[in-house]
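In what follows, chains are A, B, ... by sequence order, proteins preceding strands, each numbered from 1.
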Number of protein chains: 2
Amino acid sequence: MTNEIVSAAMLAIGDELLSGRTKDKNIGHLADILTAVGIDLKEVRIVPDEEDRIVDALNALRGTYDYVFTSGGIGPTHDDITADAISKAFGVPCEHDAKAMKLMGDNYAARGMEFTESRQRMARMPRGSVHIDNPVSTAPGFNIGNVYVMAGVPSIFQAMLDNVIPTLKVGKQLLSRSINCPFGEGTIAIPLRDIQTAHPDTIIGSYPKYENNKFSTELVVRARDEDKLVAAEQAVRAMVEQLSVAQQI
Amino acid sequence: MTNEIVSAAMLAIGDELLSGRTKDKNIGHLADILTAVGIDLKEVRIVPDEEDRIVDALNALRGTYDYVFTSGGIGPTHDDITADAISKAFGVPCEHDAKAMKLMGDNYAARGMEFTESRQRMARMPRGSVHIDNPVSTAPGFNIGNVYVMAGVPSIFQAMLDNVIPTLKVGKQLLSRSINCPFGEGTIAIPLRDIQTAHPDTIIGSYPKYENNKFSTELVVRARDEDKLVAAEQAVRAMVEQLSVAQQI
């Protein structure tokens with residue numbers, strides 16, 4: 001663990017995410033896992049299966065954040081162009097990786113299936129990539145520079161991510177406490193702002209919920225230092241308590 | 001309706017989306033609605049509640065696409081900074097809108113509630129904005145230039161979007177047909193690529209599913225011209241049929 005803040009971005013690739021046909025499940029999963037290990041996810045972009053758009057987004061993100069994680073576009077069909085786009089972004093050839101060819105060839109042979117030209121497409125990656133193991137369906141993802149390229153199918157994305165996480169540097173975790181508040185934001189905004197001002201090393205967020213024609217809020221205090229976290233949390237809880245008493249008078 | 005293609009982007013704003021605490025529901029909804037009316041959603045970005053990040057992303061997106069839709073950060077609390085950031089991006093003052101002040105003031109008065117300083121924050125918007133009606137909780141969203149600023153709470157986002165959609169220009173709808181295919185991508189990739197080549201005015205996508213230790217695919221044909229759509233769809237269905245027969249031999 002390092003004391004510095006480690007930042008990350010995600011690039012989700014696929015027309016189907018932008019047409020609404022597929023509802024992304026990988027962004028939320030990645031966010032959960034990175035938060036848990038102490039890496040700050042700072043930006044997400046979703047782009048279509050268009051090479052220039054992938055290249056531009058990837059280059060913007062990999063220059064800005066410590067890590068970039070991508071999902072989608074590494075299958076065998078004509079619309080799977082992620083390996084080519086990542087190669088172009090890094091300015092290296094996209095080629096059949098010898099180790100991946102062996103791994104996949106052996107796997108198809110063991111299953112009595114032909115290792116066709118299209119299946120071999122899944123062994124293509126930018127020269128110099130390191131494999132990300134795929135325990136679900138063999139065809140590996142890959143890591144090049146600070147970019148981790150993974151499948152879009154959620155079960156495979158998750159399995160690949162499990163293999164990547166232990167290899168990453170992680171920062172001091174942003175600790176978090178959540179307080180349910182029965183009042184709407186309009187009621188709490190001023191005292192909550194004052195608590196934020198009094199606890200500058202914390203991040204206090206207010207998330208409105210609207211259910212049964214009534215607003216309530218979830219208040220979330222975050223800090224890297226536990227003492228500061230607890231102090232701000234207690235101030236928020238005291239505020240909610242005070243407002244509850246005031247309502248009963 | 002216009003024959004040109006109408007493009008759009010979404011900017012989802014909020015630390016909670018990047019920490020994993022909130023799983024976004026607005027991106028998928030917007031994608032569904034825009035696809036249905038004939039607007040192509042071409043990019044999505046998720047950014048934290050940080051002014052510079054919102055300004056930079058908004059300026060990149062509004063210069064590239066016909067429309068930009070934002071979600072989140074328009075409530076009354078200190079972490080709601082979207083109105084300020086959008087004003088900064090457009091280079092105009094962020095100020096209490098007289099019409100919004102009246103609307104909200106009347107509403108709170110009718111409910112016997114005080115129209116506090118923090119509630120008045122929700123009436124702030126960039127000078128020159130047009131309201132987006134909020135039938136759920138009164139405080140309006142706003143439109144300035146080609147940007148539509150809406151709430152992050154899904155029920156309110158959806159209600160605001162319903163009010164926005166009829167005011168937009170829409171393009172020729174991208175029609176879509178979906179074909180379930182019992183084969184994995186490795187089996188279909190070559191014939192599917194050939195169908196794509198033979199039907200250049202269509203977009204043929206292949207979306208793998210992995211369930212019960214078995215891959216299958218959903219094949220989606222899209223086109224703006226119905227005859228071309230149907231021709232490509234029939235070719236894909238014939239391919240699936242032919243592969244099914246081949247498997248039984």
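Looking at Glu16(B) and Arg21(B), no side-chain N of the basic residue comes within less than 4.0 Å of a carboxylate O on the acidic one, giving no salt bridge.
Here the CD-CG distance, from Glu51(A) to Asp56(A), works out to 10.5 Å after rounding to the nearest 0.5 Å. The CG atom of Asn59(B) lies 10.5 Å from the CG atom of Leu11(B); values are rounded to the nearest 0.5 Å. To the nearest 0.5 Å, the span separating CG on Asp49(A) from CD1 on Ile54(A) amounts to 6.0 Å.
The candidate with the highest count of non-hydrogen atom pairs below 4.5 Å against chain A, out of Arg222(B), Glu50(B), Glu117(B), Glu43(B), is Glu43(B). Of the residues considered (Leu34(A), Thr116(A), Leu192(A), Asp40(A)), Leu192(A) shows the highest number of contacts with chain B, using heavy-atom pairs under 4.5 Å. Of the listed residues (Asp79(B), Thr35(B), Leu17(B)), the one with the most heavy-atom contacts under 4.5 Å to chain A is Asp79(B). Considering only heavy-atom pairs separated by less than 4.5 Å from chain A, the leading option among Phe115(B), Tyr207(B), Tyr210(B) is Tyr207(B). With chain A as the partner, the residue from Gly186(B), Gly20(B), Ala189(B) showing the most heavy-atom pairs under 4.5 Å is Gly186(B). Ranking Thr22(B), Asp15(B), Val47(B) against chain A, the residue ahead of the rest is Asp15(B), based on heavy-atom pairs under 4.5 Å.
Only the side chain of Ile156(A) has a heavy atom closer than 4.5 Å to any heavy atom of chain B. Both the backbone and the side chain of Ser206(A) come within contact range of chain B, with heavy atoms under 4.5 Å apart. Using a 4.5 Å cut-off between heavy atoms, Val220(A) contacts chain B through its side chain alone, with no backbone atom that close. Looking at Arg53(A), the atoms closer than 4.5 Å to chain B (heavy atoms on both sides) all sit in the side chain, from C-beta outward. Residue contact with chain B, scored on non-hydrogen atoms closer than 4.5 Å, involves the backbone and the side chain of Thr187(A) alike. Contacts between Tyr108(A) and chain B at a heavy-atom distance below 4.5 Å are absent for every atom of the residue. Proximity to chain B is limited to the side chain of Glu218(A), based on heavy atoms less than 4.5 angstrom apart. Of the two parts of Glu185(B), the backbone and the side chain both hold a non-hydrogen atom closer than 4.5 Å to a non-hydrogen atom of chain A. With a 4.5 angstrom heavy-atom cutoff, Lys23(A) touches chain B only via side-chain atoms. When heavy atoms are compared at a cutoff of 4.5 Å, Ile203(A) approaches chain B solely by way of its side chain, counted from C-beta outward.
Under a 3.5 Å cut-off, the side chain of Arg177(A) and the backbone N or O of Val221(A) do not form any donor-acceptor pair.
Heavy-atom proximity under 4.5 angstrom to chain A picks out Ile27(B), Gly28(B), Ala31(B), Asp32(B) from residues 24-32 of chain B.
No side-chain donor-acceptor contact under 3.5 Å links Thr197(A) and Asp194(A). For the residue pair Asp80(B) / Thr77(B), a side-chain donor-acceptor distance below 3.5 Å is found, with atom types taken as modelled.
Among the candidates Ile188(B), Leu219(B), Thr202(B), the single residue satisfying the side chain to side chain contact (heavy atoms under 4.5 Å, CB included) test with Val236(B) is Leu219(B).
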